[in-house]
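Throughout, a chain's letter reflects where its sequence line sits, starting with A, and its residues are numbered from 1. All figures in this text were calculated on a predicted structure; none of them were measured in a lab.
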2 protein chains.
Amino acid sequence: MATNRTESVERAMSILSAFSTQKPIMSLAELAEETGLHKSTILRLTNSMRIYGFIQRDEDGRFSVGPSVWRLALIFRRDFTKREHVAPALRILAEATGETASFYVRAGNERVCLYRENSPNLLRFHVEEGMRLRLSTGASGLVLRRYSGEDMDDFSSFNENGTASSVGQTNPNISSISTPVFSAAGELVGALTVSGLATRFDEEARARAIPLLERLAHGLTTT
Amino acid sequence: MATNRTESVERAMSILSAFSTQKPIMSLAELAEETGLHKSTILRLTNSMRIYGFIQRDEDGRFSVGPSVWRLALIFRRDFTKREHVAPALRILAEATGETASFYVRAGNERVCLYRENSPNLLRFHVEEGMRLRLSTGASGLVLRRYSGEDMDDFSSFNENGTASSVGQTNPNISSISTPVFSAAGELVGALTVSGLATRFDEEARARAIPLLERLAHGLTTT
DNA sequence: CATTCTCGTTCTGTCAGATGAAACGCAACA
DNA sequence: TGTTGCGTTTCATCTGACAGAACGAGAATG
């Protein structure tokens, strides 16, 4: 591997990344299938992560995320834009548009939803906190790639304020708008996003929502 | 190292474990000092963890916990005793005793506070969620060690129901009581704990609180 | 009940990976 | 201007990590 990385650490991270809300607990065989790693490799790597509390095993030997992750998450949350700070903007957006409002951050080659206010409509793009999606799709993916320094050559989805609009990327029937949120130091913090059913959240509705989205995102910057 | 572990993974975990609420962000030099690892080693290990989003760097090159930790923490929380489930018991305990009520789990060789309801008294053992303490001290440390299968030879701190009482261990002026919480399958989930000023939360006050603590802990089991 | 299959664990030869020392450029400081 | 410390890169060395094989145990199957 490249000399500026460590292969066994990336194997360990791939084990951690294998856990999901659908698979919060896995046996050794399931982890082997999910990661492609050999069982003896997984045992070695997870033994080390258990010592530090990042992974745990139950009495049947099944693996799950350990409490050290929780401890670090509280540090992450405290060091990041706090939920209390973002929540009012999400509620305003959800109420004003009738669609789902969410806040994404970049995690490696993915985007992760930190906070969300789901649309009151029963037919909606339902988003859960912790959900991870591709960085290559969706308006918030475009925003996170553009403003974290990634080279891009196609800016046609962006307006002059850096707000992106997309249709049918994350899901064929979903459209979304997203705008960057910066820290006071000018660094990208995340992407404030509204997503909805494309037939309802059409071009006109998105155009109407953009000024509010940009104003609320700017209001989050002053922290 | 032992053949059932992986040294570079443990180095990586030690980097993650170096972050705290006091040091949520660190430079390369600070991380080197905190972990004892060489700077070039830290760069390699953190490059790999960044790819998976577990660590991030700001524009000045300082390191902090990344959003993948947050995603996993939500999985951990969902897979664990939910805050909503534990919160009522913590409030009842804090109100009934006037002291701080908390819920600890074991993470490797430490205990981590998942949830807490601080005492309304201004003079109190203030606990923050995510706080980690030694497993070798405090009533909840005793409980977590005993019921996670660790060999112990001194049970003098425990009553017949497995509830531990301690004075002056975590802090010379603090006393605490703690009792195990089990899953429906009989596995240890965590330790329900009350901690307070030793002069106020004396032997008589602790004795009065134990039946309520045990009843509430038992109530958490049925899930 | 006997046989087969799968899982989890342990061991080990092989080789590729990981380490840290040295060197460098740059910025901060006196 | 010179010194110090930080962050980054390179590379020789040696040790660590891998995965395949083997094994025991329990579950599944006939």
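Regarding A/Leu31, its CG atom lies at a distance of 16 Å from the C1' atom of C/dT9, rounded to whole Å. Put simply, CG on B/Leu45 is 15 Å from C1' on D/dT8, counting in whole angstrom units. We find that CG of A/Asn47 is positioned 12 Å from P of D/dC18, with the value rounded to whole Å. The nearest whole Å value for the distance from the NZ atom in A/Lys39 to the C1' atom in C/dT9 is 9 Å. Rounded to whole angstrom, the span from the CG atom of B/Leu43 across to the C1' atom of C/dG20 amounts to 12 Å. Straight-line distance from the CG atom of B/Asn4 to the C1' atom of C/dC11: 12 Å, rounded to whole Å. The distance between atom CZ of B/Arg5 and atom P of D/dC18, rounded to the nearest whole Å, is 15 Å. For the pair A/Asp60 CG and C/dT9 C1', the interatomic distance rounds to 16 Å; values are reported in whole Å.
Counting only N and O atoms by type, the side chains of B/Ser176 and B/Ser166 include a donor and acceptor under 3.5 Å apart. No side-chain donor from either of A/Ser140 and A/Ser178 sits under 3.5 Å from a side-chain acceptor of the other. Side-chain N/O atoms of B/Ser156 and B/Asp154 include a donor and acceptor closer than 3.5 Å.
Within 4.0 Å of B/Arg44, counting heavy atoms only, lies at least one base atom of the nucleic acid. Residue contacts for B/Arg57: at a heavy-atom cut-off of 4.0 Å it reaches the sugar-phosphate backbone alone, with no base atom in range.
Residue whose closest nucleotide on DNA chain C sits further toward the 5' end, between B/Leu37 and A/Ser40: A/Ser40.
The base of D/dG16 is not paired with the side chain of B/Ser8 by any donor and acceptor separated by under 3.5 Å.
Note on ring orientation: taking the six-membered ring where Trp is involved, the planes of A/Tyr115 and A/Phe103 are parallel (angle under 30°, cut-offs 30° and 60°).
Taking the six-membered ring where the residue is Trp, the centroids of B/Phe182 and B/Tyr147 are separated by under 6.0 Å.
When each of C/dT19, D/dC18, D/dG20 is scored by its nearest atom to the side-chain atoms of B/Arg11, the top-ranked nucleotide is C/dT19. Of the candidate nucleotides C/dG17, C/dT9, D/dA19, C/dT9 has the atom lying nearest to any side-chain atom of A/Leu28.
Checking the phosphate oxygens (OP1, OP2) of D/dA19, a side-chain nitrogen or oxygen of A/Thr41 falls inside 4.0 Å.
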